[in-house]
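As structure tokens, the structure follows; a few thoughts come after it.
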There are 2 protein chains.
Amino acid sequence: MANKIAPLSAAMEDYLKAIYLVRGSAAAATTMVLAATLGVSAASVTNMIKKLAVLKLVRHAPYHGVELTPAGEKIALEIVRHHRLLEAFLHDALGLPWDEVHGEAHKLEHVLSDNLEDHIAEYLGDPSVDPHGDPIPTKAGVVVTSAQHTLAELAPGARAVIVRVGAQDPAHLRYLRELGLVPQARLVVLACAPFGGPVRVRVRTRQVALDEPLARQIWVNVARKK
Amino acid sequence: MANKIAPLSAAMEDYLKAIYLVRGSAAAATTMVLAATLGVSAASVTNMIKKLAVLKLVRHAPYHGVELTPAGEKIALEIVRHHRLLEAFLHDALGLPWDEVHGEAHKLEHVLSDNLEDHIAEYLGDPSVDPHGDPIPTKAGVVVTSAQHTLAELAPGARAVIVRVGAQDPAHLRYLRELGLVPQARLVVLACAPFGGPVRVRVRTRQVALDEPLARQIWVNVARKK
DNA sequence: ACCGAAATTTAGTCATGGCTAAATTATATA
DNA sequence: TATATAATTTAGCCATGACTAAATTTCGGT
Ligand SMILES: [Mn+2]
Ligand SMILES: [Mn+2]
Ligand SMILES: [Mn+2]
Ligand SMILES: [Mn+2]
């Protein structure tokens with residue numbers, strides 16, 4: 001008597017996750033944006049969106065965007081949890097560098113059973129963030145985000161702790177890792193040029209200059225005045 | 001100028017692995033056997049075999065069996081290595097019971113990168129066997145098998161060490177685990193009925209009776225005379 | 001040597017998830 | 001407000017890997 005629960009394909013899961021992430025960044029989940037995010041053609045996106053709409057996982061306003069239904073968001077959150085839990089596991093347990101975990105997790109996330117997910121979560125002590133500082137949704141689907149500011153918004157003299165690094169590109173991640181610009185790192189803003197100029201910060205004993213696009217990917221919590 | 005290396009699909013990998021395992025048990029890799037092993041129709045097997053033959057991964061004698069070419073065996077061994085390494089990791093690192101690791105590994109094996117494979121092998125200290133005692137092929141494709149006898153072949157009074165448990169069925173595996181009949185366990189044969197009758201053995205302090213089909217799945221090394 | 005059963009292959013179909021090219025709709029600009 | 005451009009959808013195609021049903025081949029028994 002229960003619902004026919006056809007298991008979703010990896011492709012469907014990737015679409016739902018992409019919609020969730022795009023919407024989470026305040027952008028509209030348009031056909032083009034999803035096509036770019038997923039690396040497929042716009043026609044493919046339209047095609048899949050129609051299937052997901054039939055399954056009541058998204059609401060589709062043709063020629064406008066797409067929204068996740070509660071059922072769709074639930075699944076998206078499961079996949080995001082898989083992904084970030086796997087990133088944490090690969091990084092913390094197996095020592096993969098943080099620029100490599102995303103690609104591996106992207107493949108593993110669709111193949112992770114509930115049972116294995118639980119074992120991994122327990123092994124890690126139920127972590128709340130992944131190696132990039134992205135929040136790991138709980139099993140119940142609760143997401144806790146903390147950072148309010150990016151490095152690009154801080155004034156000279158500000159002290160802050162890195163909470164999340166939004167950069168995805170492996171080369172950028174390796175570069176930031178080398179500079180010590182990782183979650184938990186404390187830093188002081190030395191100077192920042194106006195109108196999108198570079199930001200100069202001190203991390204530990206090192207001084208670093210970051211151009212504005214990169215600085216806007218680094219989310220921080222401002223430390224209380226000393 | 002290098003070969004076009006089209007990556008194989010998970011389905012192709014499963015077929016190659018199945019052919020390798022069937023051949024390894026001395027049986028002919030016929031269409032029917034492969035269909036039963038893989039849980040697909042005979043027509044599907046014929047279909048895939050033809051594709052693999054085009055790729056020079058198998059040699060197909062129509063209406064007779066199929067054989068792996070050296071190239072096909074190389075890939076099969078990689079997948080078997082993935083599978084068993086993953087079983088060992090899930091069991092030893094994450095504490096999954098030995099009757100659950102097979103199903104998980106079957107999904108993960110196709111999605112394991114070379115890099116991650118190396119990290120897992122290093123984490124485990126390059127294990128030579130999986131939780132069932134099946135040999136893990138080396139990266140170079142070397143397989144070391146040791147057991148020569150099964151429990152069903154031993155005479156009363158024989159002392160032996162379990163090397164490998166060939167049973168696949170989760171219920172059987174749970175039962176054997178409960179009895180302590182796992183790799184490394186030492187046992188003494190107390191009695192064995194002729195003509196396929198049950199075998200009585202002592203493991204630790206417990207006495208156990210096993211019917212012959214199950215006893216033939218338990219591979220042992222006979223201990224030297226005391 | 002033949003015949004029938006079993007195994008295998010062939011033929012034709014379907015679902016999935018890509019793609020390109022063409023048609024359609026929305027929107028920004030003049 | 002009309003129109004050019006951009007975004008989106010539609011239409012039609014392809015590869016993969018399943019399936020069933022029908023044809024074909026092999027092989028054991030007489
Ligand atoms: Mn994915
Ligand atoms: Mn991440
Ligand atoms: Mn498999
Ligand atoms: Mn095994």
Side-chain angles (χ1 to χ4, degrees), chain A residues 4-19 22-23 25 27-68 72 75-76 79 106-107 109-111, chain B residues 4-19 22-23 25 27-68 72 75-76 79 106-107 109-111:
Chain A
K4 276 262 155 107
I5 9 164
L8 299 185
S9 65
M12 284 174 169
E13 292 180 348
D14 275 339
Y15 276 87
L16 292 173
K17 186 181 68 163
I19 295 165
V22 167
R23 294 296 292 111
S25 72
T30 63
T31 301
M32 288 221 75
V33 167
L34 292 175
T37 301
L38 291 161
V40 299
S41 71
S44 297
V45 173
T46 301
N47 196 266
M48 180 61 86
I49 280 175
K50 290 203 286 191
K51 289 184 209 172
L52 295 174
V54 169
L55 295 174
K56 309 278 193 192
L57 299 174
V58 304
R59 250 181 305 274
H60 184 207
Y63 288 100
H64 298 82
V66 73
E67 293 280 354
L68 291 174
I75 294 166
I79 304 303
H106 175 60
K107 295 179 297 181
E109 66 194 4
H110 308 290
V111 147
Chain B
K4 274 261 154 110
I5 8 162
L8 298 186
S9 65
M12 285 173 168
E13 292 180 346
D14 274 340
Y15 277 87
L16 293 173
K17 184 181 67 163
I19 294 166
V22 167
R23 294 295 295 108
S25 72
T30 64
T31 301
M32 288 220 75
V33 167
L34 292 174
T37 301
L38 292 162
V40 299
S41 71
S44 297
V45 173
T46 301
N47 197 276
M48 181 61 86
I49 280 175
K50 290 203 287 192
K51 288 185 211 170
L52 295 174
V54 169
L55 295 175
K56 306 278 191 194
L57 299 174
V58 303
R59 249 181 303 275
H60 184 208
Y63 288 98
H64 298 81
V66 72
E67 293 278 355
L68 292 174
I75 293 166
I79 304 303
H106 176 58
K107 296 179 296 180
E109 65 194 5
H110 308 290
V111 148

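All values below come from the heavy atoms of this structure, side chains included, with hydrogens, waters and symmetry mates left out. Every chain is numbered from 1 and lettered A, B, ... according to where its sequence line falls, protein lines coming before strand lines.
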Just list the side-chain donor-acceptor pairs under 3.5 Å for residues 38-50 of chain A, sequence neighbours left out, or say none.
from	atom 1	to	atom 2	distance (Å)
A/S41	OG	A/S44	N	3.2
A/S41	OG	A/S44	OG	3.0
A/T46	OG1	A/A42	O	3.4

*Check whether any side-chain nitrogen or oxygen of A/S9 sits under 4.0 Å from OP1 or OP2 of C/dG17, and answer yes or no.*
yes

_A/K51 side-chain N/O to C/dG17 phosphate OP1/OP2 under 4.0 Å_ = yes

*Residues within residues 38-50 of chain A bordering DNA chain C, heavy-atom distance below 4.0 Å*: A/G39, A/V40, A/S41, A/A43, A/S44, A/M48

*With sequence neighbours left out, what residues match B/A29 under side chain to side chain contact (heavy atoms under 4.5 Å, CB included)?*
B/I19, B/V22, B/R23, B/L34, B/V66

*Distance (rounded to the nearest 0.5 Å) between B/I75 CD1 and B/L8 CG*: 4.5 Å

*Sequence neighbours excluded, every pair satisfying side-chain hydrogen bond (donor to acceptor under 3.5 Å, both in side chains) that has a member inside residues 6-18 of chain A*: A/E13-A/H110, A/D14-A/H110, A/K17-A/E109

*What's the verdict on side-chain contact (heavy atoms from CB on, under 4.5 Å) for A/L55 and A/M12, showing C-alpha distance, side-chain angles and the deciding distance?*
CA-CA 11 Å; A/L55 295 174; A/M12 284 174 169; 4.0 Å; yes

*For A/M32 and D/dT5, what is the distance between atoms CE and P respectively, to the nearest whole Å?*
17 Å

_What is the distance, to the nearest angstrom, from the OH atom on B/Y15 to the P atom on D/dA18?_
4 Å

*Sequence neighbours left out, what passes side-chain hydrogen bond (donor to acceptor under 3.5 Å, both in side chains) with A/T37? Give chain and number order.*
none

*Nearest to the side chain of B/T31, which nucleotide is it out of C/dT8, D/dG17, D/dT8?*
C/dT8

_Interatomic distance where CG belongs to A/D14 and C1' belongs to C/dT16 [whole Å]_ = 15 Å

*Pull out every residue in residues 53-60 of chain A that has a heavy atom closer than 4.0 Å to any atom of DNA chain C, ordered by number, or say none.*
none

*asked:* I'd like to check the side-chain hydrogen bond (donor to acceptor under 3.5 Å, both in side chains) partners of B/T30; sequence neighbours left out, ordered by chain and number.
replied: none

*Do the non-hydrogen side-chain atoms of B/I79 and B/L16 ever get within less than 4.5 Å of each other?*
no

Every protein N/O within reach of nucleotides 22-27 of chain C N/O, cut-off under 3.5 Å:
from	atom 1	to	atom 2	distance (Å)
C/dT25	O4'	A/Y63	OH	3.4

*Value in whole Å for how far the C1' atom of C/dG17 lies from CG of A/L16*: 15 Å

_side-chain hydrogen bond (donor to acceptor under 3.5 Å, both in side chains): pairs with one or both residues in residues 52-64 of chain B, sequence neighbours excluded_ = none

*Please give, in whole Å, the distance from D/dG17 P to B/L8 CG?*
9 Å

